[in-house]
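Below is one structure, written out as structure tokens; the observations come after it.
Both counts, for ligands and for their atoms, begin at 1 and track the order of listing.
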Amino acid sequence: LSEAPMALTPSDAGWDNLMGTAPGPRMNATFVTLARNSDIWDIARSIRQVEDRFNKRYNYDWVFLNDKPFDATFKKVTTSLVSGKTHYGEIPHEHWSFPDFIDQDKAKKVREDMAQRKIIYGDSVSYRHMCRFESGFFFRQPLMMNYEWYWRVEPSIELFCDIHYDPFRYMAENKKKYSFVLSLYEYVETIPTLWDSVKKFMKNNPEHIAEGNSLAFLSDDGGDTYNHCHMWSNFEVGNLNWLRSKAYIDFFESLDRDGGFFYERWGDAPVHSIAAGLLLKKEEIHFFNDIAYYHVPFTHCPTGEKTRLDLKCHCNPKDNFDWKGYSCTSRYFDLNGMEKPEGYENQQD
Ligand code: GDP
Ligand code: MN
């Protein structure tokens with residue numbers, strides 16, 4: 001008569017540790033997600049992948065931000081999925097509303113016009129608040145003040161490869177301030193006067209412009225015009241102290257005053273990218289080739305079969321966007337004198 005083997009149940013101590021906790025120090029870092037209550041099942045999928053591929057061994061915290069109070073289901077489900085501590089913050093009204101210097105009628109006419117021209121999110125007020133919040137306020141919410149590093153995660157993203165090291169620690173040890181996995185050209189219709197506003201800032205604040213910056217990633221004519229290249233901000237690992245610096249805050253406030261978050265539809269991606277490109281030294285911006293990522297409609301799947309097999313990747317290398325015509329990543333490689341990975345020529349179309 002043999003006894004059934006003893007099964008470990010989730011409530012047993014040690015269940016979460018079966019895969020082991022990564023040794024080594026932890027950085028003062030958190031994941032951060034802006035979401036609505038209705039995003040719960042889409043953010044649950046993102047969290048599950050971030051945990052499975054990385055955080056179950058590192059147990060970093062996760063901050064959730066919302067312009068409305070999070071409901072009980074949102075909190076219960078996300079807390080059960082995150083291996084670190086979870087924190088929930090409600091955004092103050094002044095970070096999610098029209099500043100008093102904005103002409104409401106003018107902003108409304110812009111939205112009606114953009115709706116007619118079928119510009120994506122062109123008619124949306126909330127999307128504009130979202131872009132302004134991510135550009136100028138998420139990093140100074142009280143919950144975020146406790147941390148030095150952040151990793152932004154959006155609903156419905158995918159991670160396709162294991163992450164075998166701590167990206168926060170990589171950033172800290174290599175003096176990086178901002179990072180990306182996908183880059184592309186912005187829709188011109190959403191930012192027609194953004195570069196004029198940036199040029200005004202550069203003229204008024206030359207002290208903030210870094211020597212050895214990445215202007216050549218953003219402009220093909222020495223800064224006269226914008227080539228619309230930007231790093232996608234739905235994935236970011238970055239340094240919060242940089243975003244809280246006088247240089248960045250002056251940059252944000254100068255742009256904000258010009259009104260383009262409401263009179264046009266400036267996205268936080270070009271705003272962050274232009275700031276990183278001008279205010280940081282080029283070595284401070286990192287491209288994470290080994291973090292394989294999807295946000296509709298683009299995929300970053302690492303070039304190089306060995307990397308994909310070693311990291312148990314499940315992305316199709318044919319889907320990799322990096323070397324296609326609409327990506328700006330090869331400009332980043334050229335600017336930084338980096339050698340493109342083996343096999344990139346075969347992925348150009
Ligand atoms: P897209 O990626 O540009 O298509 O925009 P998303 O719809 O993914 O929005 C970007 C991020 O902001 C996501 O994390 C959303 O969950 C969040 N978001 C967008 N609109 C709102 C909103 O009105 N309220 C809140 N709380 N979050 C929002
Ligand atoms: Mn999104």
(request) Look only at the side chain of N37 and the backbone of D71, and say whether a donor-acceptor pair between them is shorter than 3.5 Å. (result) yes
(request) Would you mind telling me which of H129, R140, Q141, R132 makes a side-chain hydrogen bond (donor to acceptor under 3.5 Å, both in side chains) with H95? (result) Q141
(request) Note the single closest protein heavy atom to atom 15 (C) of ligand 1, along with its residue, its atom name and the distance in Å. (result) L34 O, 3.6 Å
(request) Using only heavy-atom distances, determine whether the side chains of N320 and T303 contain a donor-acceptor pair under 3.5 Å. (result) yes
(request) Please report which non-hydrogen protein atom sits nearest to atom 10 (C) of ligand 1, along with the residue it belongs to and the distance in Å to one decimal place. (result) E154 OE2, 3.2 Å
(request) Specify which N/O/S atom of H295 comes nearest to the Mn ion (ligand 2), by atom name. (result) NE2
(message) Taking atom CZ as the centre, does R257 end up with more than 12 heavy-atom neighbours from other residues, nucleotides or ligands that are less than 6.0 angstrom away?
(response) no
(request) Answer with side chain, backbone, both or neither: which part of M130 has a heavy atom less than 4.0 angstrom from an atom of ligand 1? (result) side chain
(message) Taking only non-hydrogen atoms of N234, do any sit less than 4.0 angstrom from ligand 1?
(response) no
(request) Report, in ascending order of atom number, the atoms of ligand 1 lying under 4.0 Å from any heavy atom of N66. (result) 26 (N)
(request) Could you tell me how the ring of Y60 sits relative to the ring of Y58: parallel (under 30°), tilted (30 to 60°) or perpendicular (over 60°)? (result) parallel
(request) Answer with side chain, backbone, both or neither: which part of D67 has a heavy atom less than 4.0 angstrom from an atom of ligand 1? (result) both
(request) Could you tell me the residue and atom name of the protein heavy atom closest to atom 4 (O) of ligand 1, and the distance to it rounded to 0.1 Å? (result) Y121 OH, 2.5 Å
(request) Check all N, O or S atoms of E154 and name the one closest to the Mn ion (ligand 2). (result) OE1
(request) Pick one of side chain, backbone, both or neither for how W96 approaches ligand 1, counting any non-hydrogen atom pair under 4.0 Å. (result) side chain
(message) Students often mix this up, so state it plainly: with edges at 30° and 60°, are the rings of H228 and Y226 parallel, tilted or perpendicular?
(response) perpendicular
(request) Check H295 against ligand 1 and report side chain, backbone, both or neither, counting heavy atoms closer than 4.0 Å. (result) side chain
(request) Name the orientation class of the two ring planes belonging to F252 and F261 (parallel below 30°, tilted from 30 to 60°, perpendicular beyond 60°). (result) tilted
(request) Kindly check if the number of other-residue, nucleotide or ligand heavy atoms within 6.0 Å of OH (Y165) is above 12? (result) yes
(request) For D39, counting its heavy atoms only, list the atoms of ligand 1 lying under 4.0 Å from any of them. (result) 16 (O)
(message) For atom 20 (N) of ligand 1, what is the closest protein heavy atom, and at what distance to 0.1 Å?
(response) R36 NH1, 3.2 Å
(message) Tell me if the CD atom of E207 is crowded by more than 12 foreign heavy atoms within 6.0 Å.
(response) yes
(request) Count the heavy atoms of every other residue, nucleotide or ligand shown that sit under 6.0 Å from CZ of R48, and state whether that count exceeds 12. (result) no
(request) Specify the protein heavy atom at minimum distance from atom 3 (O) of ligand 1: its residue, its atom name, and the distance to 0.1 Å. (result) Y127 OH, 2.4 Å
(request) For P155, counting its heavy atoms only, list the atoms of ligand 1 lying under 4.0 Å from any of them. (result) 13 (C), 14 (O), 16 (O)
